[in-house]
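Note sheet for the following structure.
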There are 2 protein chains.
Amino acid sequence: MASPPRARSTRDRPAKPPLSEDGILDVAMLILREEGLEAVTMRRLAGELDTGPASLYVYISGRDELRNAMLDRVAGMVELETPDPAQWRAQLHRLMHGLLAAMVAHPGIATVAVANPPTTERSLLAAENMLALLRAGGVTDRDAGWACDILPLITTASAVEAAVHQQRGQEESDGDFVQRLVQAFAALPPARFPNLTALAPEMTSGDGDERFRFAIDVFLDGLVARAKA
Amino acid sequence: MASPPRARSTRDRPAKPPLSEDGILDVAMLILREEGLEAVTMRRLAGELDTGPASLYVYISGRDELRNAMLDRVAGMVELETPDPAQWRAQLHRLMHGLLAAMVAHPGIATVAVANPPTTERSLLAAENMLALLRAGGVTDRDAGWACDILPLITTASAVEAAVHQQRGQEESDGDFVQRLVQAFAALPPARFPNLTALAPEMTSGDGDERFRFAIDVFLDGLVARAKA
DNA sequence: ACCTGAACACCGTTCAAGT
DNA sequence: ACCTGAACACCGTTCAAGT
C-alpha cells in the first residue's frame, strides 16, 4: 500500500518534506497567483504539502502572518528607482505602477495591504525610495512625509478595484460590462442626475491603468502646485 | 415580496417579530456598529433573531447581498451638499469627510466598499453630488468624471486604515503606538534609510482626519492646477 | 405553500497523545 | 522533543422534510 518512491525524473517536484517557512510560502504564492487569496487557506496549504493543518503552525504562527509574508514577497518584486531629479515624476510613476502590477498579478493580496500597511524591511525600502523621489521633485518635507502614506494608499485601493474588475472580466466580456454601465447611466432620470447622465461617456472611458495614472498624476500635480506656492 | 404583517402591526419590538429584509438589516447594522463586520455572520444574525440560518435566505440572497445592503445604509447616512460655486471645495471636503466618518463608525464596512463600488441609487446620488461640486469648481468634464472615481477610492481606503488604527488604539494607547513608530524609524540605519530617518517626525505627525484632509486637498489642488493649465 | 432542521463542505486553531 | 491526528468551535449555503 505504501507506494515506493519512484526513480527521480527531471520533472519531479521536490520530494514531500521537509517543511520550512520558505517552502510553505512558495506553495502559498503559487496558489495566490493562480487562484487568488481566498484559495490560500491553512488547510488547502497543508493538503498541498501532504500533511495536516496543525503541522503548519510549527513554521508559521497563523493565517495573518502567512498573509503578511505573502504581501512582503509581492512588495519585494517591485523594482526600486535610483533618484534622478530630471525625471523624478516618471520614476515615481514607474515605482507606483510596479507596485500596482505586482498586486494585480496576485489577486486579493491588495486587500491585505489596505488593512495592514506593512513595516517590513522591503516595504520600508520602498517608502525610502518614494521619499527620495518626492524630495528630488522639490516637494516639502511635510508634504513628502504625508504623501508617502497616500500614494501607496491610492495604489493598493486601485489594485483591489483592478483585481475585482479583472475577475468580472473573466465572467463577462469587458466591453459588455462597460456598455451595460454606459446604458445604466444613460437610463437614469436626467432631472435627478443631470451631471451623471451628461458625463456618462467620461465616467466610463479609460482602462484601469489609464485611470491609475491619472490618479497619481493629479496627486503629483497637487504636490507640485503646493511646492510652488 | 414580503407578505404584509398580519393585523395589529404596531411598532413594538418584542422577542420575535416576523422576519423581513429591513428587520434583518436593522440587527445587522447594530452588530456592525458595535462589533464590526467580522461579527456579522449569517448564523450570528439568525441566532439574534431566534431562528435558524436557513430562514434568512427567504429574505436575503446571501452574505454578499447583506454586506452590500449594509454598505448602502451607511452611504445613505451621508448628507449631500447643495452646490455653491463660492465654496465648492469646502463642500467637497464635507461630503468626503461625511463618507469617511460614516464608514469609520461602522468598522469593516469600508473593505466592502473598496472591493465592490456600489451602484445603488443612494451612491449614485452621492456621485451626482460630487460631479456637481467638481464642475462648480471649474474642473473639466473628463477630469471630473475620473476624479469622482478616485475621490471615493481615497476615502474608502482611508476609512479602512482609520478603522484599523482605531482598533489598535483599543489595545494600546495611541500615543504609545506613535512613539514606538517614531523610535522604529529613528532606529533604522541612516546609511540605507537617509530620508526615512530624516523625516521620521513628518512621517508620524498628524492624526487620521488631518491626513485625510491633506489627501483630498492635494488631489483638489491638482485638479485646479490642471483646470488652469 | 411556506418555512426550517439538519446536513454538507468547508474554515482557523489548539492540544493531548503518539512517535 | 518533536510532530500531528483528532477535536473544537466556528463558517455559508442547500434542500428534503415537516407544518
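Not measured: the values here are computed from a predicted model.
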How many Å lie between [atom1] on [X] and [atom2] on [N], as a whole number?
X       : N      : atom1 : atom2 : value
B:Leu19 : C:dC3  : CG    : P     : 9 Å
B:Asp50 : C:dG5  : CG    : C1'   : 16 Å
A:Leu66 : C:dT13 : CG    : C1'   : 14 Å
A:Glu65 : C:dT13 : CD    : C1'   : 14 Å
A:Leu56 : D:dT4  : CG    : P     : 10 Å
B:Ile60 : D:dT13 : CD1   : P     : 11 Å
A:Asp64 : C:dG12 : CG    : P     : 11 Å

Open item on the list: With rounding to the closest Å, how many angstrom separate the P atoms on D:dT19 and C:dA7?
Closed with: 16 Å
Task: Whole-angstrom distance between D:dA9 and C:dA9, as gauged at atom P - done: 22 Å
TODO: Under the side chain to side chain contact (heavy atoms under 4.5 Å, CB included) rule, collect the residues that match up with A:Arg211, sequence neighbours excluded.
DONE: B:Trp146, B:Asp149
TODO: With sequence neighbours left out, write down each residue that passes side chain to side chain contact (heavy atoms under 4.5 Å, CB included) with B:Arg33, or none if nothing qualifies.
DONE: B:Met29, B:Leu30, B:Met77, B:His106
Open item on the list: How about CD on A:Glu38, more than 12 heavy atoms from neighbouring residues, nucleotides or ligands closer than 6.0 Å, or not?
Closed with: no
Open item on the list: Is it true that, when you exclude B:Glu65 itself, more than 12 heavy atoms of the residues, nucleotides or ligands shown sit nearer than 6.0 Å to its CD?
Closed with: yes
TODO: Ignoring hydrogens and angles, state whether a donor on the side chain of B:Asp207 or B:His165 is under 3.5 Å from an acceptor on the partner side chain.
DONE: no
Task: Under 3.5 Å: donor-acceptor pair, side chain of A:Arg122, backbone of A:Ala75 - done: no
Task: Residue pair B:Leu66 / B:Leu45, side-chain heavy-atom distance below 4.5 Å - done: yes
TODO: Applying salt bridge (Lys or Arg N to Asp or Glu O under 4.0 Å), name anything that partners B:Arg73, two or more places apart in sequence or on another chain.
DONE: B:Asp22, B:Asp26
- [ ] Would you write the dot-bracket representation of DNA chain D, where each base gets (, ), [, ], | or . depending on whether it forms a Watson-Crick or G-U pair under 3.5 Å and with which partner?
- [x] ||.|||||...|||||.||
TODO: Would you mind telling me which of C:dT14, D:dC3, C:dC3 lies closest to the side-chain atoms of B:Tyr59?
DONE: C:dC3
- [ ] Please figure out whether A:Ser55 or B:Gly62 has its closest DNA chain D nucleotide nearer the 5' end.
- [x] A:Ser55
Under 3.5 Å, N/O pairs linking protein and nucleotides 6-11 of chain C:
unit_1	atom_1	unit_2	atom_2	d
C:dC11	OP1	A:Thr41	OG1	3.4

Open item on the list: Taking side chain to side chain donor-acceptor pair (under 3.5 Å) as the definition, give me every residue that meets it alongside B:Thr197, ordered by chain and number, with sequence neighbours left out.
Closed with: none
